[in-house]
Asker: 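My questions will all concern the structure given below.
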Amino acid sequence: MTEMTPTQPLAGIRVIEFSTMVTASLATMMFAQQGADVIKVEPPGIGDPMRWLGSEKSGISGLFHNCNQAKRSITLDLKTAEGVAHARQLCLSADVVIHNYRPGVMDRLGLGSTALRQEKPDLVYCAITGFGHEGPLSGRPAYDHVMQAMAGFMTLQGHPEGFAYVKTLICDKITAYTAAQAITAALFARERSGNGQHIDLSMLESCVAFLWPDGGMHLTLQADDVTHGAPFADYYQLPLRSTDGAIAYAAMTDDHWAAIFDIVGRPDLKTEEKYQGMANRSVHMAELASIIASQKPDLTSAEMVAGLAEHDVPAAPCLSLQDLPANQQALAIGIFEQTEHPLLGAVQHVTSPARFGGAKLAPCGPSPALGEHSQAILAELAARPQP
């Protein structure tokens, strides 16, 4: 068993993952980065469908790799008694079981939380669903597009009149991070009490909870005498165009705004009463942000960012993901790393953002081929004392 170290805080923890797509896979990949032994259970044939989405080589897509580094893969046919028996053995050997199947699927297989935790009380069991276990949508499938609509993202992005997607799997990833935090908390509680527990987690609740602090700031205070200002959605207007692209800025103080008015060539706005002071600006923020976005200073992005930096205004150029690996700040903090994958060849991926003891985590192991570790894992199970 690998020993726990400051940069491998979850060494010695075994996680069994039953899942397709991102929610459970990304959560457990973070555990694998931090030293846990993560075993991904996949069906024979194509395995996790995520393997085939987008850029792909040797049955491993870029998306699959990014969500499944440092894991081991076993193929089990859960439609057979033998497959279920092996899956049950795996679960009883684990510290954590996580799945994102629809309600009732794992119970029908005899792999539900109650059945497993009766035999292994210290097991942490996390069940991710789309809409929860109750209500008219509880049995419905949930994918990111659908959840963006249901949780309010599309209305917020299309504010104030339309509907628009956030063009990333934001709901899947929010749920993954929520699951990772909840499981870590349950493992910490187990260290204190010796007892595992069941965690229910729905995408819908995770996403609404994520969106609410600012997205619901204007809906939080319910008294009749509340003075309502603009929600943060009104601050997200079009970026400020430059001669070679655009920049984003986040002006909060009077001095910040004075610098913005100067750099866009509108010093006259400094004397407009409705734009003076945070309270006034909050009420008129949509209008003000629209005015600023309509200006076209004869400056490059670098010149605008530098000019605003002189007044300590937060600002940055609008970069693409293709631009980032060569960006000086990204290079300075080591966001990206290049590795060689035994099947994929050269791979570029993002390092873990968490530094334990101030140190970057070691590079992850490779993402697995479908069923790559099946025989080794089955041999491990055979060697374990049977209950």
Asker: Do you know which two heavy atoms are closest between A27 and A176, and how far apart they sit?
Answerer: CB-O, 3.4 Å
Asker: Please assess R88 against E119 for the test salt bridge (Lys or Arg N to Asp or Glu O under 4.0 Å), listing each intermediate value before the final yes or no.
Answerer: CA-CA 11 Å; R88 183 174 173 280; E119 192 159 349; 2.3 Å; yes
Asker: Give a yes or no on whether the backbone of K360 and the side-chain of T7 come within a donor-acceptor separation of less than 3.5 Å.
Answerer: no
Asker: Is it possible for you to say whether V264 and L288 belong to one hydrophobic cluster, with membership spreading through side-chain heavy-atom contacts below 4.5 Å?
Answerer: yes
Asker: Report yes or no: do E17 and S19 form a side-chain donor-acceptor pair below 3.5 Å?
Answerer: yes
Asker: Using only heavy-atom distances, determine whether the side chains of D200 and H198 contain a donor-acceptor pair under 3.5 Å.
Answerer: yes
Asker: Strictly distance-based, threshold 3.5 Å: is any side-chain N or O of Q222 a donor or acceptor partner for the main-chain N or O of L219?
Answerer: yes
Asker: Counting only heavy atoms from other residues, nucleotides and ligands, does the tally under 6.0 Å from CZ of R140 exceed 12?
Answerer: no
Asker: Show your working on side chain to side chain contact (heavy atoms under 4.5 Å, CB included) between I16 and V41 and close with a plain yes or no.
Answerer: CA-CA 7 Å; I16 310 301; V41 178; 3.9 Å; yes
Asker: Would one find more than 12 heavy atoms of other residues, nucleotides or ligands at under 6.0 Å from atom CD of E134?
Answerer: no
Asker: Hey, does T178 have a side-chain heavy atom less than 4.5 Å from the side chain of F210?
Answerer: no
Asker: Given side chains that start at C-beta, do those of K57 and L343 come closer than 4.5 Å, heavy atoms only?
Answerer: no
Asker: Considering only NZ, NE, NH1 and NH2 on the basic side and carboxylate oxygens on the acidic side, decide whether D95 and R14 come within less than 4.0 Å.
Answerer: no
Asker: Ignoring hydrogens and angles, tell me if any N or O in the side chain of T155 forms a donor-acceptor pair with the backbone of G152 under 3.5 Å.
Answerer: no
Asker: For the atom pair OG1 (T168) and CD (Q148), what is the distance rounded to the nearest 0.5 Å?
Answerer: 8.5 Å
Asker: Would you check if the distance from the ring center of H349 to the ring center of F336 is below 6.0 Å?
Answerer: no
Asker: Any chance the side chains of D255 and T253 put a donor and an acceptor closer than 3.5 Å?
Answerer: no
Asker: Go through it in stages, so that I can follow the logic: the residues are Q157 and M154, the test is side chain to side chain contact (heavy atoms under 4.5 Å, CB included), and I'd like the CA-CA distance, side-chain angles, deciding distance and then a yes or no.
Answerer: CA-CA 5 Å; Q157 292 302 114; M154 292 186 68; 5.8 Å; no
Asker: Under a 3.5 Å distance rule, please check whether H99 uses its side chain to pair with a backbone N or O of Y101 as donor and acceptor.
Answerer: yes
Asker: Do the side chains of I263 and V305 join up, straight or via other hydrophobic residues, at under 4.5 Å, putting them in one cluster?
Answerer: yes
Asker: Assess whether atom NE2 of H228 is packed by more than 12 heavy atoms of other residues, nucleotides or ligands within 6.0 Å.
Answerer: yes
Asker: Can a donor-acceptor pair be found, under 3.5 Å and without considering hydrogens, that links the side chain of R190 to the backbone of G196?
Answerer: no
Asker: NZ/K274 to CG/L269 distance, rounded to the nearest 0.5 angstrom?
Answerer: 9.5 Å
Asker: Quick one, D172 and M203 - any side-chain contact, counting heavy atoms below 4.5 Å?
Answerer: yes
Asker: Measure from the side-chain N and O atoms of W52 to the backbone N and O of I46, and report whether any donor-acceptor pair falls under 3.5 Å.
Answerer: yes
Asker: Is there a donor-acceptor pair closer than 3.5 Å between any side-chain N or O of R102 and the backbone N or O of G139?
Answerer: yes
Asker: Side chains of L26 and Y177: closer than 4.5 Å at any heavy-atom pair?
Answerer: yes
Asker: What closest approach, in Å, do A94 and L123 show between heavy atoms, and which atom pair accounts for it?
Answerer: O-CD1, 3.6 Å
Asker: Is a side-chain donor-acceptor pair under 3.5 Å present for D48 with T20?
Answerer: no
Asker: Would you say the side chains of Q197 and Y125 form a donor-acceptor pair under 3.5 Å?
Answerer: no
Asker: Out of curiosity, L344 CG to S61 OG, how far, rounded to the nearest 0.5 Å?
Answerer: 9.0 Å
Asker: Counting distance only, does the side-chain N/O of S282 pair as donor-acceptor with the main-chain N or O of M278 below 3.5 Å?
Answerer: no
Asker: Give the cluster check for L381 versus L109: same hydrophobic cluster or not, with ILVMFWY residues linked at side-chain heavy-atom distances below 4.5 Å.
Answerer: yes
Asker: Starting from the C-alpha separation in whole Å, work towards a yes-or-no answer on side chain to side chain contact (heavy atoms under 4.5 Å, CB included) for K71 and T28.
Answerer: CA-CA 9 Å; K71 298 181 186 178; T28 58; 2.8 Å; yes
Asker: At their closest point, which heavy atom of M50 faces which heavy atom of F64, and how far apart are they?
Answerer: O-CB, 3.8 Å
Asker: Between the side chains of S290 and E287, does any donor sit under 3.5 Å from an acceptor?
Answerer: no
Asker: Apply side chain to side chain donor-acceptor pair (under 3.5 Å) to E372 and list each qualifying residue two or more places apart in sequence or on a separate chain.
Answerer: none
Asker: Would the distance check show the side chain of H256 and the main-chain N or O of D312 forming a donor-acceptor pair, the cut-off being under 3.5 Å?
Answerer: yes
Asker: Kindly give the heavy-atom pair with the smallest separation between M29 and N66, and that separation in Å.
Answerer: CE-O, 3.1 Å
Asker: Side-chain contact, heavy-atom cut-off 4.5 Å: R72 with V38?
Answerer: no
Asker: State, yes or no, whether a side-chain contact exists between P43 and L76 at a heavy-atom distance under 4.5 Å.
Answerer: no
Asker: In the structure I gave you, are the side-chain heavy atoms of T175 and I128 within less than 4.5 Å of one another anywhere?
Answerer: yes
Asker: Can you tell me if D298 has over 12 outside heavy atoms packed within less than 6.0 Å of its CG?
Answerer: no
Asker: Can a donor-acceptor pair be found between the side chains of S73 and K40 at a distance below 3.5 Å?
Answerer: no
Asker: Locate the shortest heavy-atom distance separating S138 from G132; write the atom from each residue and the value.
Answerer: CB-O, 3.4 Å
Asker: Just by modelled atom types, is the E273 backbone N or O under 3.5 Å from a matching donor or acceptor in the N280 side chain?
Answerer: yes
Asker: First locate atom CG of L90, then atom NE2 of H86, and finally report the distance between them rounded to the nearest 0.5 Å.
Answerer: 9.0 Å
Asker: Atom SG in C364, atom CD in Q69: separation rounded to 0.5 Å?
Answerer: 4.5 Å
Asker: In Å and rounded to the nearest 0.5 Å, what is the OH to CH2 distance from Y275 to W257?
Answerer: 10.0 Å
Asker: Please check if V350 and L324 belong to a single hydrophobic cluster, counting links between Ile, Leu, Val, Met, Phe, Trp and Tyr side chain heavy atoms closer than 4.5 Å.
Answerer: yes
Asker: Report yes or no: do R384 and S93 form a side-chain donor-acceptor pair below 3.5 Å?
Answerer: no
Asker: Tell me yes or no: between the side chains of T300 and D244, is some donor less than 3.5 Å from an acceptor?
Answerer: no
Asker: Tell me whether I170 shares a hydrophobic cluster with L204, the cluster being built from Ile, Leu, Val, Met, Phe, Trp, Tyr side chains joined at under 4.5 Å.
Answerer: no
Asker: Taking all non-hydrogen atoms of both residues into account, name the closest pair between A142 and G130 and its distance.
Answerer: CB-CA, 3.5 Å
Asker: Hey, does S202 have a side-chain heavy atom less than 4.5 Å from the side chain of E205?
Answerer: yes
Asker: By the definition side chain to side chain contact (heavy atoms under 4.5 Å, CB included), identify the one residue from V105, N100, L78, I98 that meets it with F18.
Answerer: L78
Asker: Is the shortest side-chain N to carboxylate O distance from D254 to K270 below 4.0 Å?
Answerer: no
Asker: For D323 and S320, does a side-chain donor sit closer than 3.5 Å to a side-chain acceptor?
Answerer: yes
Asker: With a distance cut-off below 6.0 Å to the six-membered ring centre and an angular limit of 45° from the axis, does R266 pair with F261 as a cation-pi contact?
Answerer: no
Asker: For the pair C318 and I247, evaluate side chain to side chain contact (heavy atoms under 4.5 Å, CB included) and give the outcome as yes or no after the intermediate values.
Answerer: CA-CA 5 Å; C318 297; I247 71 162; 5.5 Å; no
